[in-house]
Novice: 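Sending over a structure as structure tokens; questions will come in a sec.
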2 protein chains.
Amino acid sequence: MINQNIKIAVDAIVFGYEKNVLYVLAVQQKYGVFKDRWVLPGGFIKDDESLIDAVKRELQEEAGVGVNYLEQLSTFGDDVNRDSRGRIISVAYFALVNPQNFILKADTDAKDARWFPVNQLPVLGYDHNEMVKLAHARLKAKLTYQPIGFDLLDDEFLFSDLENLYCSILERDIDRRNFRKKILSFHILKETDKLVKTSSSGRPGKLFKFDKAKYDQLLEEDFQFEIKFA
Amino acid sequence: MINQNIKIAVDAIVFGYEKNVLYVLAVQQKYGVFKDRWVLPGGFIKDDESLIDAVKRELQEEAGVGVNYLEQLSTFGDDVNRDSRGRIISVAYFALVNPQNFILKADTDAKDARWFPVNQLPVLGYDHNEMVKLAHARLKAKLTYQPIGFDLLDDEFLFSDLENLYCSILERDIDRRNFRKKILSFHILKETDKLVKTSSSGRPGKLFKFDKAKYDQLLEEDFQFEIKFA
DNA sequence: GCAAAAGTGTTACTAGTACACCCATGG
DNA sequence: CCATGGGTGTACTAGTAACACTTTTGC
């Protein structure tokens, strides 16, 4: 069989959201040319490991993170010199997590792991800023045609949390009444009877849950989640 | 650096369209375990070659095809045994061509090259049927939100050609009047003053051209190509 | 009683849908 | 004059957009 001197790696763009800010996970390299440089979590694939398992393993090893949503984004291999160590092709994955579900801890290869606000990201190693840019665009687009915002929130959330998430990620104002009407019209939320208040003043709000089972069922009947904005 | 025993390849799902039928390009293998088996055109990447160049080279070598539209589809590497020769990860590309622009000719590695109607595809080698399925879904989806139908047609075409293309690929009826109104409202077509008739009877129709420059310009002004159907 | 956040309904407008007849050509 | 395919307009419907006041709570 052909002889090839190319290595293959995976990298993950992991988004987290908290209090109106969208974060990206980065790790600080322990070794190599980019020692101390911030990069996306990732690494080489093992010979007998699926791509997706490789991503999950790296996230676990480098930052102690388990994801809510994970999908393949794109494969970076057009720039032959994207990695100075040699020809390396990387399959980038797009992930969503709730940062409150775990505590970041740098582990195997990483010296440190941190959340950076997506708008204040340092210069990362390799072509990782480009990957983040692409993933960010994907997130914005997907938010409007797939119910993935819930993967960034707690299991139970206030309507205003969801609304603020859309506002801050899409960077635009949204009419609260129209937004609520639209989302409720899908019937993919379960209303709990719990009332909570976040800040010290103001009327408490009802908690909602995303009804995944209902959503999956609706998908069978060509239901299309879609939100447009004024 | 890590030792890895994984090879990387590219494969292409090339769609062509002619007279209400959507075709996929396949080549017949000359050598190997799958000798004589139909598979998608593709092959190993060279060490100093970008992914996209590898695809273009393989298409040229195996079938003599130059594409109108080419984009990365997905990378297949979750099934560790997808290729019996060893661990091979494949980056699949999605391509559109106008079959009239060239003559198929099997060349380097391929014994033969042929168009198969997408609905009468034989069992292909590897996981290639799965790739076609994914690409087909992508084509259907993209047709409604990107002006890629033109890449399957001649440079100049009748409105009815475009309409039939949408009908046959999306497998549904379309109201001619509404379709024409919608497409024309985008102002991305140039009307030529040529009149032609395809069949021997009936009124001749006007030829149109896709105005790519105009479309690119509109994109700058957040124009969104989008067609919905009744 | 005031500040803060939650909850709610109506009207105007725009875009989508449904639908049928006339026109130009060749035979 | 008939068969075939090209070209066109209007009325109805549904979904989106714009918009402001009332309720509950803590202080």
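Per chain, numbering begins at 1; letters A, B, ... match sequence-line order.
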Novice: NZ of B/K214: more than 12 outside heavy atoms within 6.0 angstrom?
Specialist: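 Check passes, neighbour count above 12.
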Novice: According to a strict under-4.0 Å criterion, is A/R203 in side-chain N/O contact with OP1 or OP2 of C/dA4?
Specialist: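 No, no such contact exists.
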Novice: Looking only at side-chain N and O atoms, does A/K206 come under 4.0 Å of OP1 or OP2 in C/dA6?
Specialist: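 Negative; the distance criterion is not met.
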Novice: Which residues in residues 217-229 of chain B have a heavy atom closer than 4.0 Å to any atom of DNA chain C?
Specialist: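 Listed by number, they are B/K228, B/F229.
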Novice: Please tell me if B/K182 has a side-chain N or O lying less than 4.0 Å from either OP1 or OP2 of C/dG16.
Specialist: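 Looking at the OP1 and OP2 atoms of C/dG16, one of them is under 4.0 Å from a side-chain N or O of B/K182.
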Novice: Think A/R177 forms a cation-pi with A/F179, using NZ or CZ under 6.0 Å from the six-ring centre and within 45 degrees of its axis?
Specialist: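 Output no; distance or angle outside limits.
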Novice: Would you call the rings of A/Y23 and A/W115 parallel, tilted or perpendicular, taking 30° and 60° as the class edges?
Specialist: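 Answer is perpendicular, since the angle exceeds 60°.
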Novice: Any side-chain N or O of B/R176 below 4.0 angstrom from OP1/OP2 of D/dG6?
Specialist: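 No, no such contact exists.
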Novice: Hey, does the side-chain of A/R177 have a donor or acceptor N/O within less than 3.5 Å of a partner on the base of D/dA18?
Specialist: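 Flag unset: no donor-acceptor pair detected.
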Novice: Please compare B/N178 and B/D161 by the position of their nearest nucleotide in DNA chain D and report the one closer to 5'.
Specialist: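 The residue mapped nearer the 5' terminus is B/D161.
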Novice: So, OP1 or OP2 of D/dA3: does either fall under 4.0 Å of a side-chain N or O from B/S201?
Specialist: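 Indeed not, no polar side-chain atom of B/S201 lies that close.
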Novice: Identify, between A/V196 and B/D175, the residue whose nearest nucleotide on DNA chain C lies closer to the 5' end.
Specialist: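 On the 5' side of the pair lies A/V196.
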Novice: Side-chain N or O of B/S200 less than 4.0 angstrom from OP1 or OP2 on C/dG26?
Specialist: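 False: B/S200 side-chain N/O out of range (4.0 Å or more) of C/dG26 OP1/OP2.
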Novice: Please tell me which of the listed nucleotides, D/dT10, D/dA18, C/dA6, lies nearest to the side chain of B/K181?
Specialist: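 Nearest to the side-chain atoms of B/K181, counting from C-beta on, is D/dT10.
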